Each structure stands twice: as C-alpha cells, then as structure tokens.
Number of protein chains: 2
Amino acid sequence: MHKQEVTIYDVAREAKVSMATVSRVVNGNNNVRKETRDRVMKVINRLHYQPNAVAQGLASKRTTTVGLIVPDLTNLYFAELSKGIDDIALLYKYNIIMTSIENRLMKEDQAIQSLLNKQVDGVIYMSNRLPREAADAFKRTDTPVVLAGTKDNREEFPSVTIDYKKADTEAFNLMYNDGKKNLALVIGDPKAVVNDENRIPAYKQFMKEHNLGAGHVYTGIKDHSDGYNIYSQLVKDGIDGVVVTRDITAVGILNSAMDAGKKIPEDLEIVTASATQIASVVCPALTAIRQPLYDMGAVAMRMLTKLMNSEKVDNIHMELPYELLKKQSTLNH
Amino acid sequence: MHKQEVTIYDVAREAKVSMATVSRVVNGNNNVRKETRDRVMKVINRLHYQPNAVAQGLASKRTTTVGLIVPDLTNLYFAELSKGIDDIALLYKYNIIMTSIENRLMKEDQAIQSLLNKQVDGVIYMSNRLPREAADAFKRTDTPVVLAGTKDNREEFPSVTIDYKKADTEAFNLMYNDGKKNLALVIGDPKAVVNDENRIPAYKQFMKEHNLGAGHVYTGIKDHSDGYNIYSQLVKDGIDGVVVTRDITAVGILNSAMDAGKKIPEDLEIVTASATQIASVVCPALTAIRQPLYDMGAVAMRMLTKLMNSEKVDNIHMELPYELLKKQSTLNH
DNA sequence: CAATAATTTGCAAGCGCTTACAGTTATTCT
DNA sequence: AGAATAACTGTAAGCGCTTGCAAATTATTG
C-alpha cells in the first residue's frame, strides 16, 4: 500500500494554516475563526482530503470502532440483534468489527484478543456464555462491554435481555390452560446462562407448582435436523406441549410431526422462545415469545455509547418487554 | 481511554534489546538469533504484551482488516455468503469491518468512504448495484474489491457468482417440461445487474425460444408480504410456473396460494433462485437453484487475499457450480 | 589469523494525526 | 488609549509501531 495521497499537511500548506488548525476544523472544534474554517474547508474539498482514521486512532486513542462478537451469522436471532446494533452504531458514527466465534479455527479468547488489539472502543457480546478469560481480558483493558440477548452468570457486565423466566412461564401457562399437562423444554446448550439460570428453573418451577412431575428437558437440540430427530422422543415421552428455544428447531419438530401425520396443535403444542422471520412464515405459524431483537440490539449499542463516553448509565441490566404472539401452533389463537 | 499499559518499549527494555528486534520477533522476521528470539518471547509472555494493531497499521500501512459491504444482515442470502467470507478472513487473520448499507441514514458512498478512511486493505462488496461514486472511490484509493454474489455492469471488478442465465434457464425448462407454459419471473430490483443483464434476458430468451409470448416479469417484490400480495396478480395473469429470486418471497407466494386453497405444485410451480435455510424448512419445500453461498463467500475472500498481496489471479470472474434442487414445489421431484 | 561474507542488532526517521501549551491577535472595558 | 480578557492559531511532543540503513557481531575461508 502506497503512501496516502493527501494528508493533513497538504491541506495545512494550501490553506496557509498549521495542521493543528486543520485538525480542529476536521474535528469540529469551535476555536477556529469562521473565516479560517471556511478557507480550510474549501481546501479540504478541493483536495478531497479524507482523514486517516488509523492515524486519528493512534493519536487520540479512540478508534470509533466497536467489536461485535457473534456466535453464528446465519442464525437470524443474532442477525436481527445485529441490525439494531448496526443502526445505532451508524447513528453514533461507530464502525463495527464483526467477529464470529462459532469457528473452531481460533479459540474464542484469541478472537477477542485480536479485537482488543485493534483497539476497539467497546464490545457488544452476544454469545450465550462468557468465558472467564474473555471477561478478564475485557477488564484488564477496561473496555466497556454490553451483553445483548444474553447474560453472564455473575451479572458483572451490563446486559439487555427480556425476562426469560417470566416469558417462559407465560408460555407454559398458555399450554397448560389449553389442557396440556406433559410439558417439555427443548434447548440447545444447557450451560448457557440463560438456560441454566432462567429457562430451566422457570420450567422446573412451573412443573412443580402445578404438580406435573419432573418433566423433560431436552438439551443439545440446536438446529432444524436436531429438532426433526427429537420429535420421536417427544412422542415416546408423551409430550403434548413444548417450549423450544430456537425457532428453526421448533420448525424441525413441526415438520417431523407433520410428516408423521400428526396434527399441530392438537397433538402437540409448540411455542418457540425466540421468534425470527422463520416462525411466522412456516405453516402453521408458530406461537412465539417475540423478543424485541432489533430493539435489544439498539438499546445495547446505545448503552455502549454511553459507557464509552463514561456517561452514567442508570440501569445496566435492562429488560425489555416481550410479547407472547399466539399463532396456529397453539390452540386458542 | 488511558495510555496503553505495556508497549513494545517495555518489552525491549526488559529483554535488553532494541524495539526493532522486538518488532521483528512479533512479526516473525527470521533475522533474529534464536536465543534472542526466545528471550524476547519470554518477556512478551511475562508482560502479556500485545501489539497495538492501530500503531502497526499506521506504521506499516496495512491494517489487516477488510471491509464487508452488505445490503441486509437479516437476509440469509448475505448471511451465508458472509459466513464463507468470515471463515477465510479468519484463516488469513483479517478482521472484518462490516457495513450494512440498507440504512438510509447514510448514503452508500459515505459508508464506503468511512470504510476507506479506516484504511481497510480490501473490500468485499455484496450489494446488487455498485454506484459510480463507490467504484470511483475504490479506484482512487486503489483498494482491491471483490464482488460476491453480484456483478457490476461493466465487469470492472472481480466477482464470484454462478451462471445466473444458465441456472434460470434450467429452472424454466424444468417447469416447461412439467407442462407449465405460463411462466413468470418475480424479482426485486429490476435495475440490479444480475436481474437486468442475466435473469431478465434469460427469461425473455426462454419465452421467445419456446414461443410462449412476452410473459410477465414482476418487479419490486422483495419480501414475504410482497410475495404474499403478488399472488393474486399471478392468478389473474394465469401464471402456472414461476421463478422467484428470494426464497422468503417465494414462501410468501406459497403461503398465499395455500391460504387461497390452491395446490402447490399442481396449480403453481415455484422455483426459488436463491435457496437459504428457509427454502428447505417450509412445507412443501421449495425447488431451488442452490447457489453455493458459503463457497462463493470463501472464494471471494480468498481472491481478495491474493489481490491484497498483489498476487496474480488468473480468473477474476469466477462462476461456481450450482445445483437445481428438486423439491415439492415442482412436480417431478 | 586476517580478510571477507553473512548474520544480527540498533538507530532513527517516519506513518498521519491530536492536543497541551504558548503565543498572537482581536475584543471589551474603564 | 491602555489594560485586561477572550478568541484564535501555531509549536512541538507525542501516540506505538515498522523498516531502510548502518553498525556490530559472528561465521567462513584461504
């Protein structure tokens, strides 16, 4: 890569001012006489001067970039969160360095280190587990971090979520009132904080309070085919109502049931705990806990901008309202 | 943001070498005696030294970041492309600065300028139109660009695609052989290069060659509800077979037809021209042109690494093989 | 063992910008 | 008008690293 074509020096020379003044103009500093500002601006436009953000970053120690740590790009849950993040980032003129960590080529903390080396001003973290090393790295560099759609088990880091416990309980209650008593929970990673500390406890508590026995928690069910395959087990276990975390997984169960000639929702009620586009385009449409994903992303990013500016944030654990959207995979829609 | 805790100076001092030597060690330069290297490495580990990528970027004029320009994150077509890109970027140790340009808050060329200011070493461009200003900006800074899943109309920039014409023709042929003669094409932006120069001409040519009349090209149909709503028009126009660019749109048509009590594929055959997860999880599953999206992304990124290294690239317009996956939305699956 | 070549290392000049601080000019006030 | 104050501009020291070049060290050779 060759030397930059036009630098702040060139502008300074042409405008007959010092580079400090040009810098002030570029950064919108008020301490410049209007007349001077105009002259400089004219030169900037004439030469098509564009500041080198890397040099700015080095000198100012702020890069106006934020790191985005996402488990899987092709999971619409994260894509929709990201969209909210992206919009607010744009609004505040931050660029996003995206790091997907599903990849086993690089250990997660390496990925995070690489992000930190790039001197990001902050990080939005979306994975469902925050490893110790990662947390330490964040604290060591005191880079602000906000968790979006997830939590850490110590609640050390700011987060934006919904009330998972309440939402799940509501979902189970819906099915319970439809007369379904063999309720089950289908999740991915049982060690994910949201599952471990919210969904599973909510389920157990619900079962207990309604004297429904121990119940069944199916774990490690992550994608469409996992969902498709687990259905036979649900049948064996006599399940008649299920909350499924991912909607694509729920669709797997749905399709499997349909292929087996079963009736949804009569034979099995399905509620997905995180609705994306997919939940609404399948047939029958899935009853879903609609998390305000876009908003969650937006709020998380907004919170991060405050933290990066050392502004006070009154509530670092935001819970946004959700909706229980009744569709055709439950009876009383 | 406070001053960096441990810098190359600290390491140099502790290891009793010059910072030049530390730099060489960090960058894997061979011209360092093994003994010295080990000593430096030991200090690096002890102090947990991490190079500041911003300073490296400024000094070396290479940031090891690439810009990713994507129209819509929540469109799985782009998400799957991005995944391929991301994996290869990781492999070559590039970070990705993601810029979504669907947003009207910022004009596209501003977004690109902001990326260029960040001194990205290269760009992967996925939007279906490359505005003149953007192309100029790329050329002015001679930043290598690769188009993934799209083309520019002058074929100035390297690209990775499939043979859209051939694929579409094959799709129409499939339906034609099923006895469908009122074939139509449903697309989004008619000015998108792929539509304007590939899909539409392929369609027109097919209709002409088979004496099927002028046919119908429905444009501006972009999402599920557009698809849902256009269905009645298809009925009016007596369409019995249709190629739809986006699968979510195809699903809209599908759902609309089902809701109207029609039979798919008997009453209407549907082929989607770009299959994502969605095409395969709906019921009936959609016959689809399966573009190797992940691979296209990976190949595009690989090509970009070569261009960034000034290596020779023998074929800058790669066409990857596609598959016509016959499912239940056409007759002879 | 000196002479030459090859290998290691250090020096120092940047990369393009920000930002205290000091210096200059313009404005206000008595 | 002259002092005090405010507004503006320039100076120069970094930010943390890379890299060409020269110096120093080590290896090779006749």
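All values below were derived from every heavy atom in this structure, side-chain atoms included, with hydrogens, water molecules and symmetry-related copies excluded. By convention in this document, chain letters (A, B, ...) are assigned in the order of the sequence lines, proteins followed by strands, and residues within each chain are numbered from 1. What you are looking at is a predicted structure, and each value in this text was computed from that prediction instead of being measured.
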Atom-to-atom span, [atom1] of [X] to [atom2] of [N] - whole angstrom:
X: A:Arg13; N: D:dG10; atom1: CZ; atom2: P; value: 15 Å
X: A:Asn30; N: D:dT9; atom1: CG; atom2: C1'; value: 15 Å
X: A:Glu35; N: C:dT25; atom1: CD; atom2: P; value: 15 Å
X: B:Lys34; N: C:dT7; atom1: NZ; atom2: P; value: 18 Å
X: B:Leu58; N: D:dG14; atom1: CG; atom2: P; value: 17 Å
X: A:Asn31; N: C:dG23; atom1: CG; atom2: P; value: 18 Å
X: B:Asn29; N: C:dT9; atom1: CG; atom2: P; value: 11 Å
X: A:Arg62; N: C:dG16; atom1: CZ; atom2: P; value: 23 Å

Please examine the side chains of [Y] and [X], heavy atoms only from C-beta on, and report whether any two atoms are closer than 4.5 Å.
X: B:Val66; Y: B:Met301; value: yes
X: B:Asp121; Y: B:Thr143; value: no
X: A:Phe138; Y: A:Val123; value: yes
X: A:Val11; Y: A:Val40; value: yes
X: A:Tyr49; Y: A:Pro51; value: yes
X: A:Leu91; Y: A:Arg302; value: no

Every protein N/O lying under 3.5 Å from an N/O of nucleotides 19-21 of chain C:
none

[N] phosphate, OP1 or OP2: any side-chain N/O from [X] under 4.0 angstrom?
X: B:Tyr49; N: D:dC17; answer: yes
X: A:Thr7; N: C:dG16; answer: no
X: B:Lys61; N: C:dG14; answer: no

Quiz prompt | Which nucleotide in D:dT9, C:dC17, D:dC17 has an atom nearest any side-chain atom of A:Asn52 | solution = C:dC17

Quiz item: How do B:Gln56 and A:Arg33 order along DNA chain D: which one's closest nucleotide is nearer the 5' end?
Solution: A:Arg33

Quiz item: Which residue, A:Lys16 or A:Tyr9, contacts DNA chain D at a nucleotide closer to its 5' end, judged by nearest heavy atom?
Solution: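 Result of the comparison: A:Lys16.
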
Quiz prompt | Overall bend - the helix from C:dC1-D:dG30 to C:dT30-D:dA1, comparing terminal axes fitted on five pairs, nearest 10 degrees | solution = 30°

Exercise. Assess whether side-chain contact (heavy atoms from CB on, under 4.5 Å) is satisfied between B:Asn52 and B:Thr7, documenting all intermediate values.
Key: CA-CA 8 Å; B:Asn52 180 324; B:Thr7 74; over 6 Å; no

Practice problem: List for me each residue that meets salt bridge (charged side-chain N to carboxylate O under 4.0 Å, His left out) alongside B:Glu155, sequence neighbours excluded, and say none if there are none. | Solution: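 Partners of B:Glu155 by the salt bridge (charged side-chain N to carboxylate O under 4.0 Å, His left out) criterion come out as none, since no residue qualifies.
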
Quiz item: Would you find more than 12 non-hydrogen atoms of other residues, nucleotides or ligands less than 6.0 Å from A:His317 atom NE2?
Solution: yes

Quiz item: What is the nucleic acid contact for B:Val17, judged by heavy atoms within less than 4.0 Å: base, sugar-phosphate only, or nothing?
Solution: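 Here B:Val17 touches the backbone only, sparing every base.
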
Exercise. Could you check whether A:Val22 gets within reach of a base, just the sugar-phosphate, or nothing at all, counting any heavy atom under 4.0 Å?
Key: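 No contact.
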
Quiz prompt | Check against side-chain hydrogen bond (donor to acceptor under 3.5 Å, both in side chains), A:Ser114 and B:Lys93 | solution = CA-CA 9 Å; A:Ser114 142; B:Lys93 310 220 185 298; over 6 Å; no

